[in-house]
Protein chains: 2
Amino acid sequence: MSDSQKFPVAAHALAYLAHQGATTPERAVSSAELAASMPTNPVVVRRVTAMLARAGLIDTRAGAGGGAWLKQAPADISLEQVLRAVEGCTHLGVPPPGVAGCPVGERIPAAVMAAITAADRAAAARLSTITVADLLSADPQKL
Amino acid sequence: MSDSQKFPVAAHALAYLAHQGATTPERAVSSAELAASMPTNPVVVRRVTAMLARAGLIDTRAGAGGGAWLKQAPADISLEQVLRAVEGCTHLGVPPPGVAGCPVGERIPAAVMAAITAADRAAAARLSTITVADLLSADPQKL
DNA sequence: AAAACCGTAACAGTTACGATTACATATGGT
DNA sequence: ACCATATGTAATCGTAACTGTTACGGTTTT
C-alpha cells in the first residue's frame, strides 16, 4: 500500500476531541478546527472522521454547530481500534508471488507472508495497550 | 514513507540462498536466478542484495560464476536484522507537525509519534524471534 | 432564508516505487 | 589476451497512492 497519514491524523483528532472534552453533540468540534490544529485541510480531516464514525468511535453531525464528538471515553479507545478504523496496517510489503512449479520459490512467499503477518499482529497488540487518554498524559516517552 | 517491497524481496532471497545451500563463493547464486524465483527483475534483486551485503548478512562477487551467498547460518539471521538491513520500518505514518502556539496541538504530535515508535519496536521485536531458517520450516503458519 | 457544517466526488500536483536499459567494473574459462 | 558472465549503480519511464483543494448536495441551527 502506501504512505498514508490516516492513522496519525485520526489519533491526533481523537486526542484533540478528548482534550476539548467533546463528548456530546453540544460540544462538537468542527473539521475546520481539527484541521487547524494539525495543520491540514478540513477535507482530509473529514475523510478520516467519517471512517472513525463508521467504526463507532465518534459521532458526527452536519449543520451549524455540528462537528465530531467522542462516543466512547478516551481511556476506552485503544489505538489498535483506531488503526483498524482507518484500515491501516503496518505493512512491511507483500511477498512476491513466487514461481509456480518451482518447489523452492513456491513455499517461500507463504512463509514470508506469515512473518509479516506476525509482525503486524505484534504491532497491533502493542497499540491495543495504548489509549487515546494516554496520548494526553504528561510524558509521551512513557509509552 | 512507502510501500516498499524491499523486505519481502530480501527475505525471499535469503530463504532461497539458504535452501540452495549457498554458503560459499563456489555456490553463489546469481541475481538472475534469484529474480526468476520471485519473479522480479534482476536489478531489483541486486539493489537488495547490495544492502544485505553492506549489512554483513551475505557476500557477493562479480564476474562469471559470481552471485550471492550467505555469510551467516540461516538460523542465525533474524528477520529483524533483515528489516534493518533494508532500512524498512512499519511506518504507520508520520504525525502532523501540530500548530506552534497551540498548547493542545503542540503536545499531541510527540505523543502520537511515541505510539508509532512503540508499535514499530513491537514489530521489530517479533521479527527478531523469526530466523531465515524458520522460513523454510514445514509449517509457515506456526510462526 | 441564511449561514454553518458534513460527506463525497473530482481534479491537480507530488512522491515513491518497480521495471527496465545502460554502462563501468570484476571474475573466470578458453 | 579475449570473451562471456556477473555485480553495482545511474537514469528513465510508467504507475499507483496520497495530500490538498474546489465543488456540491444534503443537514441543522439561528
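Predicted, not measured: the structure shown is a model, and the values here were computed from it. Numbers restart at 1 for each chain; the letters A, B, ... are given by sequence-line order, proteins then strands.
Taking atom CD1 on A:Ile58 and atom P on C:dC6, their separation rounds to 10 Å, with Å as the unit. In this entry the distance linking CG of B:Leu34 with C1' of D:dT7 reads 12 Å, nearest Å. Here C:dG7 presents its P atom at 15 Å from CG of A:Asn41, a figure rounded to the nearest Å.
The side chain of B:Val44 lies closest to C:dA19, out of D:dA6, C:dA19, D:dA4. Comparing atom distances between the B:Val43 side chain and each of D:dG20, D:dA23, D:dT9 picks out D:dT9 as nearest. Checked against C:dC6, C:dT27, C:dT8, the side chain of A:Ala50 finds its nearest nucleotide in C:dT8. The B:Thr60 side chain lies nearest to D:dG8 when the options are C:dC6, D:dT21, D:dG8.
The phosphate of C:dC6 has OP1 or OP2 within less than 4.0 Å of a side-chain N or O from A:Ser31. OP1 or OP2 of D:dA17 has not a single side-chain nitrogen or oxygen of A:Ser4 nearer than 4.0 Å.
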Name every donor-acceptor pair, under 3.5 Å, that has one atom in a side chain of residues 53-79 of chain A and the other anywhere in the protein, sequence neighbours excluded.
residue : atom : partner : partner atom : Å
A:Ser78 : OG   : A:Glu80 : N            : 3.4
A:Ser78 : OG   : A:Gln81 : N            : 3.2

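Using modelled atom types, one side-chain atom of B:His12 and one backbone atom of B:Ser37 make a donor-acceptor pair closer than 3.5 Å.
Distance check, rounded to the nearest 0.5 Å: CZ of A:Arg107 to NE2 of B:His19 gives 8.5 Å.
With no hydrogens or angles considered, a side-chain donor-acceptor pair links B:Thr131 and B:Asp134 at under 3.5 Å.
For B:Ala32 and A:Pro42, each mapped to the nucleotide of DNA chain D holding its nearest heavy atom, the one lying further toward the 5' end belongs to B:Ala32.
At the heavy-atom level, A:Gly63 lies under 4.0 Å from base atoms of the strands shown.
Evaluation of atom-type donor-acceptor distances gives a pair under 3.5 Å for the side chain of A:Arg47 against the base of D:dG20.
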